Q: 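Attaching a single structure in C-alpha cells format; questions to follow.
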Amino acid sequence: MLAEVLAVIAERTGYPVEMVGAESDLEADLSVDSIKRTEIAGELGRRLLGSGADLRSLPDADLEELTRERTAAGIADWLRARVKALADPDPAPALATSAPVAGEPPDPLTGQAPRRYLLRPAPLDPPPVPGAEGAAQLRGKRFLIVADDTPLARALVTLLTALGTLAARGGPDTAQLAGHTGPVDGVLHLGALAGTEQQLLPAKLTVLQELLLRGPRRLLCPRLPDDTSGLDGFVRTAAREYPDTVVRAVELDPDEPATEQAEALVGELLAPDREPVVLRTCGLRRAPVPYESPLGPPVSSGAGPASSGAAAAAALGLGPESVVVLAGGARGITARFTLALAAAARCRVELLGRTPLDGGTGGHHELAHAIDLPALRAALAARGGLSTAEIDREAGRVLARREIAATLAEVHDAGGRAGYRALDLRDAEAVQQAVKETYATYGRIDGVVHAAGVIEDRLLAEKDPVSFERVYGTKVDGARALLSALRRLPQLPAFTVMFGSVAAVYGNRGQADYAAANDALARLGRLWRADTGSRTVTVHWGPWAPVGVHGGMVGPELGREYARRGIELIDPEEGVLALLRELAWGEPETDEVVLTASGR
C-alpha cells in the first residue's frame, strides 16, 4: 500500500520516489496542498479499487479527513483501514494494478458566460426583544465580552447580567483571556469597534481562532459601517467551517448610544436565523443578498450591449494613446484581461508583478521540454543538489517567467504595447515610484486594475498567522499602496477596477484569509469612489476555466474539484468581455458586482 501511495505522489508532483519519503510533510516539504491530495486520493481509488472507483466521491467529511493526512505513510494507513469497506462488494474483486496510460489527457474543463449579481440589503425578521421574553432564553447562560473597558462593554455586561446570565469581560489579547476558561454559550468580540489604526484583522486572528475552538453557540463581531478589515468575508467563511456556531458580523449604527447598541447585540443573541452578516439601522435588521441584475444597454446610444470588446473599449474612451496599469503580474486572468485590452483598444499596458524576469533557469535547454510543474520538478531533480523546497521554488519561478514573457509577446501580436516592472505591491514606496514614472513617461494613466492575489488555503483552525497576513496583505496592503500612489497624480484615472472573489460574498471553507482580503478590498474601493467620485468597481469573480498557459489560480486539479462540487467555471473570453461591458455600460454608482457562472 505505501509503495503505491509513494508512486502516485511521485507521478503527480514530479519528484522522484526517493525524494518523496514516507514521512515527508506533503504540504511543507512537497507543496502538495489539499486539492492535490484530493487528486492523489482519486488516482489511488482507481488503482486500488478498479477503474470505476473514485475516492473523491466519498462524503465531504471523510474526504476532508483523508486530505488532512500530511504524509504518505498517513495516507497509506488511512487507506489500509478503509479499503475493504470501499471495495466492490463482489466476493472476488479484482484490484487494478496498472497505472493510467502515459500522456492520457485529463477531462476537459469548459466554461460558460458569467451571470451578473449586485448586492442589496434584504429585510430580516426582528428578534425577540431583550426583556421578559429574552430573559427566559438567556437565563443561566455564560457570555464573554472580549473588549477593553468601553461604554459598550460595560453596557453589555450590565444588560446581560440583568437578564440572568453570567456575563464577564475579558481583554482583547490572548493572554488577557487566559483567566476566562471553560465553555461559554456566547462570545461578543468588540475589537472591530476599538477605533484604533490596528484593525481586527489580521491583528486578532489568533484570538478569534481560540474563541472558535471553545465551541460557543454564538460568536458576534460588531463593526461600524466604515470598517475596512474584511470582517464580513471572514465570518462568512467561519460560519461554513463551524456549523455548530452562529458566527455573525453585526453592523451597528454609530450614532446610537452604547445602551441601544448593547440592546441590538443582545437581540442578535436571541435572533433565530443564522445570517452571517446583519446590518442594523433604526432598529431594522437587514442582510446583504446577491440578486441577479443583467447588464442593460448603453444608455447614451440606444443600442444593445455590444458583443465586441472593441465597442466596449471605445465606449470607455480607450484607444492607441491610452495607458492602463495592471497591478498583479502578467499571469492568469490578469493576463487574459491585458490581452483583451490590447486587442480591443491597441493601447499601452504597464504591468506590475512580483516575479523578476532576469536570471533563473527558464532558458536552459534541458528545461525546454518540461512544460508543466511536475515535469519541471522532475527535470530540476535530475540535476541533483537541490532540496524539494528549492526545486519547487525554482520550478515556480520558471513557469512564472514563461507566462509573463508569453503575455508580453501576445500583447505585441495583438497590436498593443506592453511594459513590465517587478516589485512587491506591499512596498508602498516602490508602487509610488512605478506609478509616478509611468505617468511622467506617458503623460497619462487612463485606467488601473488591481488584480494581485495569492491563495494558501487551509481551514481556520489550522491557519498560520504568517500565512494569513501574506494572503491578506497582498490584496489589501497592495490596494492601499496603489490608491495612495494614484492620489498623488495630477489627474486620476478614468476607471479603477479591483479583482475580488466570490469567497468574500459567500465564504468558502479553507479561505478565511482570502475571503477577508477580498471583502476588505471591496470596502477600500467603495471608500475610494466616495472620496474621489471616479468610476470604481470591485468585481467578485467566480472561478475561471483553466485554458492554455494563462490558467490563473484555478488549475486543472482545482477545476475538477469544482466540477465535483457542482461549481460552474467562467469561460475566459466571456469573462473578459463581461468586465469590459461592466466598465463601459454598468451603472456609474455600482461599486461592487459579482460575476460568476454558478449563481454563487
Side-chain angles (χ1 to χ4, degrees), residues 191-192 194-205 223-234 324-329 334 350-354 421-439 445 447-456 465-501 503-504 511-541 591-592:
T196 65
E197 293 184 0
Q198 187 184 54
Q199 299 186 113
L200 180 62
L201 293 170
K204 301 302 181 183
L205 171 67
R223 60 165 180 80
L224 297 178
D226 60 355
D227 178 72
T228 59
S229 69
L231 182 60
D232 291 4
F234 178 88
V324 179
V325 174
L326 295 103
T334 313
E350 290 294 310
L351 297 149
L352 310 178
R354 67 174 183 263
R421 183 190 297 247
L423 54 79
D424 186 342
L425 279 174
R426 295 173 295 178
D427 184 341
E429 185 175 342
V431 173
Q432 163 67 23
Q433 189 66 22
V435 170
K436 178 181 177 182
E437 291 179 2
T438 299
Y439 193 94
I445 293 178
V448 172
V449 180
H450 175 51
V454 294
I455 289 180
E456 299 179 12
V466 175
S467 174
F468 190 104
E469 169 61 37
R470 184 163 48 245
V471 172
Y472 186 92
T474 299
K475 280 277 184 189
V476 181
D477 296 344
R480 289 196 175 107
L482 189 59
L483 295 176
S484 176
L486 295 179
R487 191 179 293 278
R488 302 181 187 184
L489 294 180
Q491 184 175 359
L492 292 175
F495 64 87
T496 302
V497 182
M498 307 288 197
F499 276 17
S501 168
Q511 290 193 329
D513 45 8
Y514 197 61
N518 285 288
D519 179 52
L521 187 74
R523 292 181 177 277
L524 290 173
R526 184 175 300 119
L527 291 175
W528 174 256
R529 175 185 169 276
D531 189 35
T532 65
S534 63
R535 177 79 165 103
T536 306
V537 60
T538 298
V539 180
H540 291 303
W541 292 109
D591 53 36
E592 192 171 8

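Quick caveat: nothing in here was measured; it's all calculated off a predicted structure.
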Q: Between Phe234 and Leu200, is a side chain to side chain contact (heavy atoms under 4.5 Å, CB included) present by the stated rule, with each step listed?
A: CA-CA 11 Å; Phe234 178 88; Leu200 180 62; over 6 Å; no

Q: Going by heavy atoms in the side chains, are Thr536 and Asp591 under 4.5 Å from each other?
A: no

Q: Within the 4.5 Å heavy-atom criterion, are Met498 and Leu483 side-chain neighbours or not?
A: yes

Q: Does any part of the side chain of Glu350, heavy atoms only, come nearer than 4.5 Å to the side chain of Arg421, both counted from C-beta?
A: no

Q: Can you tell me how far CG of Leu352 sits from OG1 of Thr334, rounded to the nearest 0.5 angstrom?
A: 11.0 Å

Q: Which atom names give the shortest non-hydrogen contact between Asn518 and Gly500, and what distance separates them?
A: OD1-CA, 3.1 Å

Q: Taking the side chain as every heavy atom from C-beta outward, state whether Leu524 and His450 have any atom pair closer than 4.5 Å.
A: no

Q: Which pair of heavy atoms, one from Gly230 and one from Leu201, lies closest together, and at what distance?
A: O-CD1, 4.1 Å

Q: To the nearest 0.5 angstrom, please state how far the CG atom of Asp424 sits from the CD atom of Glu429.
A: 12.5 Å

Q: Can you name the nearest heavy-atom pair linking Gly473 to Arg426, along with the distance?
A: O-CG, 3.5 Å

Q: In terms of heavy-atom contacts, does CD of Glu437 have more than 12 from other residues, nucleotides or ligands at under 6.0 Å?
A: yes

Q: Would you check, one step at a time, whether the test salt bridge (charged side-chain N to carboxylate O under 4.0 Å, His left out) holds for Arg223 with Asp232?
A: CA-CA 9 Å; Arg223 60 165 180 80; Asp232 291 4; 2.8 Å; yes

Q: Can any side-chain N or O of Ser484 pair as donor or acceptor with the backbone N or O of Arg480 at less than 3.5 Å?
A: no

Q: Roughly how far, to the nearest 0.5 Å, is OG1 of Thr496 from CD1 of Ile445?
A: 10.0 Å

Q: Could you tell me whether the side chain of Asp519 and the main chain of Ala515 form a donor-acceptor pair under 3.5 Å?
A: no

Q: Please report the closest heavy-atom contact between Ala516 and Phe468, naming both atoms and the distance.
A: CB-CZ, 4.4 Å

Q: With Trp541, which residues qualify under ring pair (Phe, Tyr, Trp, His ring centres under 6.0 Å), at least two apart?
A: Phe499, Trp544

Q: The criterion is side-chain contact (heavy atoms from CB on, under 4.5 Å); which residues satisfy it with Ala485, sequence neighbours excluded?
A: Val431, Gln432, Val435

Q: With side chains defined as the heavy atoms from C-beta onward, is the minimum distance between Asp477 and Glu469 less than 4.5 Å?
A: yes

Q: Identify the two heavy atoms, one from Ala522 and one from His540, that lie closest to each other, and give their separation to 0.1 Å.
A: CB-NE2, 3.8 Å

Q: If you define the side chain from C-beta out and look only at heavy atoms, does anything of Arg535 sit under 4.5 Å from Val537?
A: yes

Q: Are side-chain heavy atoms of Val454 and Arg354 found at a separation under 4.5 Å?
A: yes

Q: Could you please spell out the steps behind the side chain to side chain contact (heavy atoms under 4.5 Å, CB included) verdict for Lys436 and Arg488?
A: CA-CA 8 Å; Lys436 178 181 177 182; Arg488 302 181 187 184; over 6 Å; no

Q: Using 0.5 Å steps for rounding, measure from the NZ atom of Lys475 to the OG atom of Ser501.
A: 7.5 Å

Q: I need the Asp513 CG to Ile455 CD1 distance, nearest 0.5 Å.
A: 9.0 Å

Q: Check Pro493 against Leu486 and note the closest heavy-atom contact, atom names and distance.
A: CG-CD2, 4.0 Å

Q: Are the side chains of Tyr472 and Leu205 in touch, meaning some heavy atoms are under 4.5 Å apart?
A: no

